[in-house]
Amino acid sequence: MRYLVFFLLLLVSGSGWAQADTARSETIGIDHADELRMLDKGRRQRLIGAVELSQDSIFMYCDSAELVSEVQVFAYDNVIIQQGDSIAAFSDYLDYNAGTLLAKLREDVVLKRGTTELFTDQLDYDLATKLATYHMGGRVTNGTTELSSTHGYYYADSRNVYFRDSVVVVDERFEMRADTLRYDLANERVYFLGPTVIRGDTHTIYCESGYYDVALDEAVFRNNAQYRSGDRLAAADSIRYFGRDELYVLAGDAYVADGAFQRATADRINYFRARDRYQLAGNARVVDSLQVVTGDSIDYNAATASYSVAGGRPRVSNPPMLMEADRMYSDEATGLGRASGNIVWQDTSAKLTIEAERADYSQYTGYLKAYGGRQDRALLTTLLDQDTMYLAADTLLSYQTDEVNDLGDTIRQLAAYTDVRIFKRDLQAVADSLSFNTVDSVLTLYDDPILWQDTSQLTADTIELYLKDEAPDRVVLQENGMVVTSPDLIFFNQVKGKEIIAYFDSSQLQRTEVAGNAEAIYYAQDEAGAYIGVNKTACSKMVLYFESGGVDRIKFLSAPSGRLDPMSAIDHATRRLEGFRWEPERQPRKLSDLFGPRKQPPAPSLAPPPPVFEDASLPSGE
């Protein structure tokens, strides 16, 4: 019986073998079966036990099969299809047509090529095109990566798989969910063909097109590309990811938000996730709870909140503080910001502007130290009495206090030191150092200060200039105070005392109140303005009233001692109070005088003697 079965197998399979060498066979040959049964007068054949079938380079194996007209095969249990030496399919059931080369595999289907395996319960496989499709759910594994979807299209020859509907990709590094994907198995690259979400241990990425290179751990995300990690959100026209460097490159309308306040925008942003560092290029802008930083490029360290800015006039805005410079960066060691090159700093609430070459600052405390600039000097500009006041020094220092004014603005303290010079059309001053408090609007000059107002010169160990409604109100001269006025720059009215308070009216010296060892030398004039004599007076307190630079009248608050001498009876060159000095050469008379070498106080000398009058009451020649 066994030999009869083998003989019958040879008969029914002979025609298939004869055509194999000339053209593709459209019939199926029986290579082996333990048992063969002929049905329907030989039209159908039932094969049982270790069944082996073939068609050209296609080989089929199963436990049992039914062959119809040598074209159609229905195979059952432990089904295997081997195509060439690279593709194999396994299932519990097979429906295969030799004419169309279409195979329908059902139940526990596995399609293998190399390390790639496709699993599903229903798979249609076109052996001519080597296209396998499923529509009832399936998954593909390739090494450590697994992809699943409702619909799948596997081009086995080109090793490309299209996944559609409820696509899930699982890798040891991430999980991905998408609407449609293409997986290039040969190059281990996943292409996103629709809305896609990728989740890692610490981050989530969304896009609607792009690709991911599994082997290189690199990706490109396009079309509404977004990245999220905790409270941090990034978006751009495209996001490139380099896994080995943990680098994200955002290009085109790049945007990063961190928490409720921090924002970064630029044409391009490089984000180094491991170092929490950003490199922004093109229209770069960083915003946090304290400041806004802008420039052509910004290198920002989010971990330390430090940055460097360059190009396009970098700008920091921390209202009411604004600053521009050629270059800006943060010193991570000190926590201070550093700026250099044509710095312009503003405090809009205090109406202050500082120009310098270099500056140290803090966005947290409002601290600013500016130095260098025009002829190596920093310049401060502010509006005083509806006119611009300029102040220059080697160093300018500004910082915010914890106090606020009536408008709720933070009060700022200002200091300047080493060779301070002030110029305003009707007010000038020099000193070694200066401080200004916006709380009480007091400008204090230290160390050999001199203040000029019109034809008046005020000196003391310390000078305090009080402002009211942004205009000079009074000047307090502390220790060794002296006021010198001269209506003609020939004769000098002099007032000296332990403390002198000089009052201004419309920037004109109106009166001086002298307390403690008060002394005065003044030139008395008649109603026509002619000099009638020189008065030297001393008392504990006095008030002098001025008009047009001259003494109009004096009010003594204690018993005075003194006398009036005729003009011709004294030597005017020696008619000086102790400590008298007249220093017009140190007076800044224009803006450029605030710069250049420091003018040292002259050696003590007396002014040149005035003309000698023959009559005490009239000038010579009248």
### Those residues that, when tested against Glu324, pass salt bridge (Lys or Arg N to Asp or Glu O under 4.0 Å) (two or more places apart)
Arg313, Arg315
### Candidate pair Asp299 and Arg277, rule salt bridge (Lys or Arg N to Asp or Glu O under 4.0 Å), full reasoning
CA-CA 7 Å; Asp299 190 339; Arg277 197 178 194 102; 2.9 Å; yes
### Task
Determine whether the side chains of Ser54 and Asp31 contain a donor N or O and an acceptor N or O closer than 3.5 Å.
yes
### Message
Walk me through whether Phe192 and Phe221 qualify under ring pair (Phe, Tyr, Trp, His ring centres under 6.0 Å).
### Response
CA-CA 8 Å; Phe192 318 123; Phe221 310 103; 5.8 Å; yes
### Query
Under 3.5 Å, is there a donor-acceptor pair linking the side chains of Ser149 and Asp165?
no
### Residue pairs, two or more places apart or on separate chains, that pass ring pair (Phe, Tyr, Trp, His ring centres under 6.0 Å) and touch residues 263-289
Tyr271-Tyr278
### Task
Check the pair Tyr153, Tyr134 against ring pair (Phe, Tyr, Trp, His ring centres under 6.0 Å), reporting the backbone distance first and the verdict last.
CA-CA 7 Å; Tyr153 306 84; Tyr134 62 83; 7.9 Å; no
### Message
Distance alone, cut at 3.5 Å: any donor-acceptor contact between the side chains of Arg222 and Ser238?
### Response
no
### Task
Could I get the full list of salt bridge (Lys or Arg N to Asp or Glu O under 4.0 Å) partners for Asp121, not counting sequence neighbours?
none
### Task
Would you mind reporting whether Val140 and Thr116 have side-chain heavy atoms less than 4.5 Å apart?
yes
### Query
Should Asp213 and Arg189 count as an ion pair when the cut-off is N to O under 4.0 Å?
yes
### Sequence neighbours excluded, every pair satisfying ring pair (Phe, Tyr, Trp, His ring centres under 6.0 Å) that has a member inside residues 83-106
Tyr76-Tyr93
### Query
Does the pair Asp157/Lys130 count as a salt bridge with the N-to-O cut at 4.0 Å?
yes
Distance-only donor-acceptor hits, side chain of residues 246-266, under 3.5 Å, sequence neighbours excluded:
from   : atom 1 : to     : atom 2 : distance (Å)
Glu246 : OE1    : Arg273 : NH2    : 2.9
Tyr248 : OH     : His203 : NE2    : 3.3
Tyr255 : OH     : Arg263 : NE     : 3.2
Asp258 : OD2    : Arg232 : NE     : 3.2
Asp258 : OD2    : Arg232 : NH2    : 2.7
Gln262 : OE1    : Tyr300 : OH     : 3.1
Arg263 : NH1    : Gly259 : O      : 3.1

### Task
Identify whether the distance between the nearest side-chain nitrogen and carboxylate oxygen of Asp360 and Lys369 falls below 4.0 Å.
no
### Query
Should Arg268 and Asp237 count as an ion pair when the cut-off is N to O under 4.0 Å?
no
### Query
Heavy atoms, side chains only, cut-off 4.5 Å: are Trp345 and Ser398 in contact?
yes
### Message
Using the salt bridge (Lys or Arg N to Asp or Glu O under 4.0 Å) criterion, which residues pair with Glu146? Sequence neighbours excluded.
### Response
Arg139
